Amino acid sequence: MAIPVKHVGSNSTRTDPLVSHGRHFGRTIHSFCRIFPLIKEGLSREVQFKAGLLRYTDLSNQELREHHIYKELVEAIPDLGERLLTSAEPEIHYIAEMLNKGSMGACADDTKSLKSVVIDWITPLGGSLSPPLSRNVKTDRGCFHEQTGRLLCPATLNWDDNEIQKQLKTGQIIVSGDNWPFFLYRDHTLNAENLWDGLFQGELLVSAFKHVFTCPSSVEKETRATRAGNAEIHGMRSVTIASLAYISTLVHTLCLGSSAVFSRNDKATDSERFYRSVIEFLETPSETAEVEDLLRWWNV
DNA sequence: CACATCTCCCATCCGTCAGC
DNA sequence: GCTGACGGATGGGAGATGTG
């Protein structure tokens, strides 16, 4: 297998800094994507723009969105744009592979630690879960458990209705679009008069966000951190739409959900579908004002 | 120094799926 | 069915950076 190995630093035993950038890319810019095609096509479009062969208005919405992600990627990593322009295909493959490695690795680590502590967070204060949930096994979560099922249930539905529970278990009801689950709302309750009230301000979401981006111990009142957390390491200043979607998806599918696999196949899996619907929703032009308010709330 | 905390990485395991 | 390749999950641990 001929993989061109081109290390950036002089010390060849260290991992390529691209991996670290890949970690942050996955958490804050975009998850669930094939990085090589993203770069390849983005690069090709850029070249065509410069040559006057292509205009932004020629792109479909999907292409526009992909190109936007490409631009964010290039801007996030110093000298990447320049490097890509002078790289042959094998080198681009290598770059994509390193970024992908980081992106997947971060996701694996976050899932691993979150799915365990999330048990603490959903356990009632001073009480216990009945039946108890295993910290390591997820198969009995999701709709199969009273506590996780209630949190995952779309907020417009009544979890206490047996018929609804049954339909959720059999997959007849799919959570998507503006039918958001309870855990996304502040106090895990829906204000029927204002669907935006408290949306994406759920306590679980906030805890998970701190856990991943600040540091695990910052979730409690006093942080015991002795070193920089992820946000600081990568110079992250503010909460982004993609990072909110990332955390929401982690909690939704990987911590509360029962599915065992965080898949990125071509088939739309639960996690990917959920991620996309969150992003699409938060990027809807008509919701801009509310989203700005939301981000302001997060960034206080 | 011993320890605590945290990020990052690796080796290994396991489920899925195409090709026979 | 069987099998091997592949990719994601998992557990463990190295290394960085702080504290008492």
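Small disclaimer: the values here were computed from a predicted structure and weren't measured.
Rounded to whole Å, atom P of C:dG7 lies 15 Å from atom CZ of A:Phe36. If you take CD1 of A:Ile35 and P of C:dG7, they are 13 Å apart, rounded to a whole angstrom. A:Ile233 has its CD1 atom 10 Å from the P atom of B:dC9, to the nearest Å. If you take CG of A:Asn100 and C1' of B:dC9, they are 15 Å apart, rounded to a whole angstrom. In this structure, the CG atom of A:Leu250 is 11 Å from the P atom of C:dA9, given to the nearest Å. Atom CG of A:Asp110 and atom P of C:dG8 are 15 Å apart (whole Å). Following rounding to the nearest Å, A:Phe213 (CZ) and B:dC8 (P) show an atom-to-atom distance of 12 Å. Between A:Lys210 atom NZ and B:dT5 atom P the separation is 18 Å, expressed in whole Å.
Checking the phosphate oxygens (OP1, OP2) of B:dC8, a side-chain nitrogen or oxygen of A:Asn230 falls inside 4.0 Å. OP1 or OP2 of C:dG7 has not a single side-chain nitrogen or oxygen of A:Arg34 nearer than 4.0 Å. At the phosphate of B:dC10, OP1 or OP2 sits under 4.0 Å from a side-chain N or O atom of A:Lys101. An OP1 or OP2 oxygen of B:dC8 is reached within less than 4.0 angstrom by a side-chain nitrogen or oxygen of A:Arg23.
Screening A:Asp109, A:Asp110, A:Asn230, A:Thr28 for a side-chain hydrogen bond (donor to acceptor under 3.5 Å, both in side chains) with A:Arg23, the sole residue that qualifies is A:Asp109.
At a threshold of 4.0 Å, the pair A:Lys101-A:Asp16 does not count as salt-bridged, since none of the basic side-chain nitrogens sits closer than that to a carboxylate oxygen. Between A:Glu63 and A:Arg45, no side-chain nitrogen of the basic residue sits less than 4.0 Å from a carboxylate oxygen of the acidic one, so the salt-bridge criterion is not met.
Annotation: side chain of A:Phe274 is in contact with side chain of A:Pro181 (closest heavy-atom distance under 4.5 Å).
Across all strands shown, A:Asp109 has heavy atoms under 4.0 Å from base atoms, whether or not it also approaches the sugar-phosphate.
Checking B:dC9, C:dG8, B:dC8 against the side-chain heavy atoms of A:His234 singles out B:dC8 as nearest. The nucleotide whose nearest atom lies closest to any side-chain atom of A:Arg27 is, among C:dT10, B:dC8, B:dC6, B:dC8.
If you check distances only, the side chain of A:Lys112 does reach the base of C:dG12 with a donor-acceptor pair under 3.5 Å.
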